[in-house]
Amino acid sequence: MANEDLQHFIEELRTRISIVDIVGAKVKLTKKGREYQGLCPFHNEKTPSFTVNESKGFYHCFGCGAHGDILKFEMEANGLPFLDALQKLSHMAGVPMPTLSAKDKEHEQEKKSLYDIMEQACLFFEKNLHMPIGAEGLKYFKEKRDFDEDIIKKFRLGYAPNNNGLMAHLKSMGIDEKDLNELGLMSIPEDKNRPKHDFFRNRIMIPITNKQGKIIAFGGRVMEKIEPKYLNSPETPIFNKRRNLYNLDKAREVAYKEKQLIICEGYMDVIALDKYGFSYAVAPLGTALTEEQIIEAWKVTPEPILCLDGDAPGTKAAMRSVDRVLPILKAGYSLKFMFLPDNMDPDEYLKCHGAESFKALMNKTKPLIDILWQKYTQDENANTPERKALIEKTLLEEVAKIKDPTVRGYYTQEIKNRIYLAYKQSAWSKDKANNSQQSSQHHTQAQTAPTPQHVAPTSVKNTYQPKTNNYTNPNKSYTNKNNNQRSTINHNISTPDTLRQKAYSENDINFGMIIAAQLIYPELIDDYEEQIFTDDIKDENLKKLYQTILNTYHNEDTAISGEDFQNLINKNHPSCGIKDLWQLEMLKKRNPFINELKKLIEKLLAENKLRTLDEEIKNLSLSLCQNFSEEDYIRQNALKQERNEIVSKYSNLDE
């Protein structure tokens, strides 16, 4: 099937099938004017921000940015591969699918083959678990973990023998050693005198799946007393450990309904929770919780619960997650923390106390602000003014890392309140505040913490002054709050609008170059899409072009060359503006290698980030000159530190 035939077929499906019917099968829709509205199926929300436009044939969520047509909805919402989604829609429309050409079949087979190999490996491990060679592994699951056959079957648990059996089995099926090595199923020692061998040996095996339920990797727990106890598949063409969460394919639907998602420390915790009825648990894959995994969890629920063992490693894991989540916090999205007592893991706790007790703990989670406060105040010596000042400085510098200005403002206010209550009140004020808190009940911590301006004794100087959001021209005179005329001040600082306009135009030139690189090598979209937000592109034509490029790329199920990709976009969207992208012609003449373009993109992204930081630093300088604010001062220092780190990294990009 040629690309032209495929596009005609997809257009025919869009014409015959109402997108309202497709989306309405999963989402309850209400007619609002010319559009339909409902709760987004891609992230947990209480107020509808998800719209469906029947006349234009697309859906869009103003909350999480999800956007697409009937085909993309079937793939994303129902977890169907491209061809399976086409097949389903063709049945609904009563239109037979075009015949696949030999080239199409070859491309499809290449993509499927890696998943097929992993499936065969999983079947091999499952079979060995129930053979005499896997008796020790089966005993571990049934006696040590108390997993019955239903649980073993549901999670497809298995056993890897210590005889290189997997390598022999898969090679007997005609599978090439190159694929086995690429998928992390076989190890080839650097010492050529040592033989090749199975990557997993004498381990109980836990298959790891993607959101569509396809096996992409394995985790293996050792049966001997050797390290590491757990061994995970390496990075492969189909497995990125930073972006995936174990069990998300099974947990997602249940989590949507329960409006809960538990993030545990490991595989066994997830399986144990499922055994007790908590089927909405996931886990990172051998790493600390990453930003990408947090964002994946937020697509399911805005405040997932991080369930941690109540021991020292569990506490450390909580502190690490604070560092990961702080910069990406946004309104309504955070983490909640749940610590199990007596150094227990979920399996041990559930065996001792049962599911109802675990549910009760889920209702007593700690908010992120508490963990941040604990990280920098617990066990810290604060018996001198200098040490108190250091704690305050450190906390406010951490809060300054939050990129969302609204969330950052509330965190700053809350930290200031806590600092005041903990360190700055006189003994008389503390007693008064404690009596006041005991005599009234409040729903939130922000309500129980009195602001420094209201309760501070007159002897305590309050340096914080609320800043205005309206910038004034630094070349004009202005008055203070007592209406006393002040003299003209000229700081020779450009106005924010001028800085913004200049930074935006230079950033868009770089974005144009990045987009051109992705048109030449479409696979670069996967590498850098998450670092490029369309809202950062200020030129509307360039923004529309990039959205068209992304939509076209994600509608392609098979790999596509840069030339074919450009032709496909020009054919389906002739007025999209590719021909006006001068950066594309420039790069074509250079005919660069993909690694060269990766370096270029890294540099351009760093340049854009530096310009944005410079803009905000200069704006803060202007604001500080006019009306000093402690919050602005701390924020400015944090931005300068971030800028220095990027400059240091940027200077090494050419090496």
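Each residue takes its place number in the sequence, starting with 1.
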So, are [X] and [Y] salt-bridged, with charged N and O less than 4.0 Å apart?
X      : Y      : result
Glu540 : Lys543 : yes
Glu119 : Lys214 : no
Lys299 : Glu296 : yes
Lys375 : Asp323 : yes
Arg243 : Glu292 : no

For a quick check under 3.5 Å, do [X] and [Y] share a side-chain donor-acceptor pair by atom type?
X      : Y      : answer
Thr301 : Gln260 : no
Asp564 : Ser561 : yes
Tyr280 : Glu253 : no
Tyr411 : Glu398 : no

Can you tell me how far apart [atom1] ([X]) and [atom2] ([Y]) are? Round to the nearest 0.5 Å.
X      : Y      : atom1 : atom2 : answer
Lys211 : Ile216 : NZ    : CD1   : 10.5 Å
Lys599 : Phe593 : NZ    : CZ    : 13.5 Å
Glu265 : Leu289 : CD    : CG    : 11.0 Å
Asn570 : Thr548 : CG    : OG1   : 11.0 Å
Ile549 : Leu519 : CD1   : CG    : 4.0 Å
Ile509 : Leu542 : CD1   : CG    : 10.5 Å

Under 3.5 Å donor-acceptor pairs involving side-chain atoms of residues 231-239, not counting sequence neighbours:
from   : atom 1 : to     : atom 2 : distance (Å)
Asn232 : OD1    : Tyr267 : OH     : 2.2
Ser233 : OG     : Phe218 : N      : 2.9
Ser233 : OG     : Phe218 : O      : 3.3
Glu235 : OE2    : Lys241 : N      : 3.0
Thr236 : OG1    : Ile238 : N      : 3.2
Thr236 : OG1    : Phe239 : N      : 3.1

Heavy-atom distance under 4.5 Å between the side chains of [X] and [Y], does that happen here?
X      : Y      : answer
Leu524 : Lys598 : yes
Ile402 : Ile328 : no
Lys609 : Leu605 : no
Tyr553 : Gln518 : no
Ser334 : Pro367 : no
Leu261 : Ile305 : no

Can you name the ring-ring contact (aromatic ring centres under 6.0 Å, His included) partners of [X], sequence neighbours left out?
X      : result
Phe199 : none
Tyr410 : none
His573 : none
Tyr333 : Trp298

According to the side-chain hydrogen bond (donor to acceptor under 3.5 Å, both in side chains) rule, which pairs have a member within residues 58-71, sequence neighbours left out? Arg14-Asp69, His60-His67
With [X] via salt bridge (charged side-chain N to carboxylate O under 4.0 Å, His left out) - residues at least two apart:
X      : result
Asp179 : none
Arg324 : Glu291
Lys579 : none
Lys330 : none

Might you point out which heavy atoms bring [X] and [Y] nearest each other, and give the distance in Å?
X      : Y      : result
Glu303 : Gly332 : CG-O, 4.1 Å
Pro48  : Leu39  : N-CD2, 3.7 Å
Gly577 : Leu545 : O-CD2, 4.1 Å
Pro284 : Cys264 : CD-O, 3.1 Å
Leu587 : Ala517 : CD1-N, 3.6 Å
Ile263 : Pro304 : CD1-CB, 4.0 Å

If the condition is side chain to side chain donor-acceptor pair (under 3.5 Å), which residues does Glu523 pass it with, not counting sequence neighbours? none
Is it true that a side-chain atom of [X] and a backbone atom of [Y] form a donor plus acceptor pair closer than 3.5 Å?
X      : Y      : answer
Gln293 : Thr290 : yes
Asp508 : Asp539 : yes
Gln566 : Gly562 : yes

Using salt bridge (Lys or Arg N to Asp or Glu O under 4.0 Å) as the criterion, point out the one residue from Lys640, Arg635, Arg643 that pairs with Glu616. Arg635
Applying the side chain to side chain donor-acceptor pair (under 3.5 Å) test to Thr209, which of Asp249, Asn247, Asn244 qualifies? Asp249
Run Leu584 and Ile578 through side-chain contact (heavy atoms from CB on, under 4.5 Å) and show every step you take. CA-CA 8 Å; Leu584 180 59; Ile578 283 185; 3.7 Å; yes
side-chain contact (heavy atoms from CB on, under 4.5 Å), that's the test. Do Ile22 and Leu89 meet it? Break it down for me. CA-CA 9 Å; Ile22 294 295; Leu89 293 172; 3.7 Å; yes
Quick one: list whatever passes side-chain contact (heavy atoms from CB on, under 4.5 Å) with Asn78, sequence neighbours left out. Lys26, Glu74, Leu80, Lys88
